[in-house]
> 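Quick one: the structure is below, and I'll ask about it shortly.
The basis for the numbers below is simple: all heavy atoms, side chains too, and nothing from hydrogens, waters or symmetry mates. Reminder, nothing fancy here: chain letters follow the sequence lines and each chain counts from 1.
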Amino acid sequence: MSELAGEVPDDVEAVRDALIEWYEDDHREFPWRVTEDPYEILVSEVMSQQTQLGRVVEAWNDFLERWPTAADLAEADRADVVGFWTSHSLGYNNRAKYLHEAARQVTEEYDGEFPDTPDELQELMGVGPYTANAVASFAFNNGDAVVDTNVKRVLYRAFDVPDDDAAFEQVAQALMPAGESRVWNNAVMELGGVACEKTPACDGAQCPWREWCHAYETGDFTAPDVPTQPSFEGSRRQMRGKVVSVLKEYDKQALDDLGPRIRVDYAPDGEYGREWLRGLLSDLSDDGLVDVEERDSEGDGEGEVVARLRR
DNA sequence: CTCCAGGGGC
DNA sequence: GCCCCTGGAG
């Protein structure tokens, strides 16, 4: 083990408790979060591989209604399963083929009993490291820390973990309370899904990690999977419109809170940072749309800039 | 030959 | 995210 462990805050316990408490207090209800049936979990994971969760709910319900168990699916005709996939717009029907094959494996090679460790689960067709760990966690509470792009983004921002797979792996592992993969992985992924998306919603989502979060402290919310250049045109005109709509929603915003909501690649000292944002705001101010207020509340000379919509 | 990282395709 | 193929390393 290297210095990488230093990325984890010393009060890990508090960090863990805060997240789990936040998750248990309130979270999105997906049907696969209230089952512990490995087959049902696997179906949800395979469907989720590159389909928006909203669409998956209906497909998942329909699929399980049609083939309630792995044994049922194993007996189905491959063509019917692929047909289902297509008719529900689930994308690459290779995954339907894999799922069918995995069901056959479970019934014929595992005597109908799903294996319960990540290593064994990986033997199933279409089940790689990620899915194996997810099923082990959610069905058997027997997995390791999940590391996907959402988790990487959270760790990168919160604990300043370098953009390096081994580092992410190590920190994620160190953070997870042993034997709690089910609730933990659900909670971390929920965090990445509702509070720490590409555009962060720290306060709005009541992020439980704000007091430890490096990005929250510095205002730099860039992340590995956040495009440096907005894919569409980042024109000044669009940016102005965004400022107004954000201020409409949040009333009053400090520069570093506003910045990341305007551009995901906002970084206080970067090309699109405070300087850029102040220029934008002063234009809007000149046009009578926004009030910009300078203040030195701490009296430390560190003047804070706050913007709000002009009423 | 076996292992594995890297890239493309689905 | 997973599979498969390739190509280099041992």
> Output the rounded distance in Å from CG (Leu121(A)) to P (dC2(C)).
12 Å
> Does Phe221(A) have its ring centroid less than 6.0 Å away from the ring centroid of Tyr266(A)?
no
> How many Å lie between CG on Asp148(A) and C1' on dG1(C), as a whole number?
10 Å
> Check whether any side-chain nitrogen or oxygen of Ser48(A) sits under 4.0 Å from OP1 or OP2 of dG1(C), and answer yes or no.
no
> So, are Asp225(A) and Arg153(A) salt-bridged, with charged N and O less than 4.0 Å apart?
yes
> Remember a base hit wins even if backbone is also touched, and classify Asn93(A) as base, sugar-phosphate or nothing at under 4.0 Å, heavy atoms.
nothing
> So what does Val127(A) touch, heavy atoms closer than 4.0 Å: a base, only the sugar-phosphate, or nothing?
sugar-phosphate
> Check Lys252(A) with Glu293(A), please: is the shortest side-chain N to carboxylate O separation under 4.0 Å?
no
> Taking atom C1' of dC10(B) as reference, at what distance in whole Å does atom CE of Met47(A) sit?
17 Å
> Round to a whole Å and report the spacing from CG of Leu53(A) to C1' of dG1(C).
14 Å
> Taking atom C1' of dC2(C) as reference, at what distance in whole Å does atom CG of Leu42(A) sit?
13 Å
> Please pick, from dG1(C), dC10(B), dC3(C), the nucleotide with the shortest atom-to-atom distance to any side-chain atom of Asn94(A).
dC10(B)
> Run through Thr117(A), Asn142(A), Val147(A), Asp144(A) and flag the one making a side chain to side chain contact (heavy atoms under 4.5 Å, CB included) with Asn133(A).
Asp144(A)
> Report the distance from atom CD of Gln50(A) to atom P of dC3(C), rounded to the nearest whole Å.
13 Å
> Out of dC3(C), dC10(B), dG1(C), which nucleotide sits closest to the side chain of Tyr92(A)?
dC10(B)
> Figure out the CG/C1' separation between Leu99(A) and dC10(B), and round it to whole Å.
16 Å
> Measure from CD on Glu123(A) to C1' on dC3(C) and round the result to the nearest Å.
15 Å
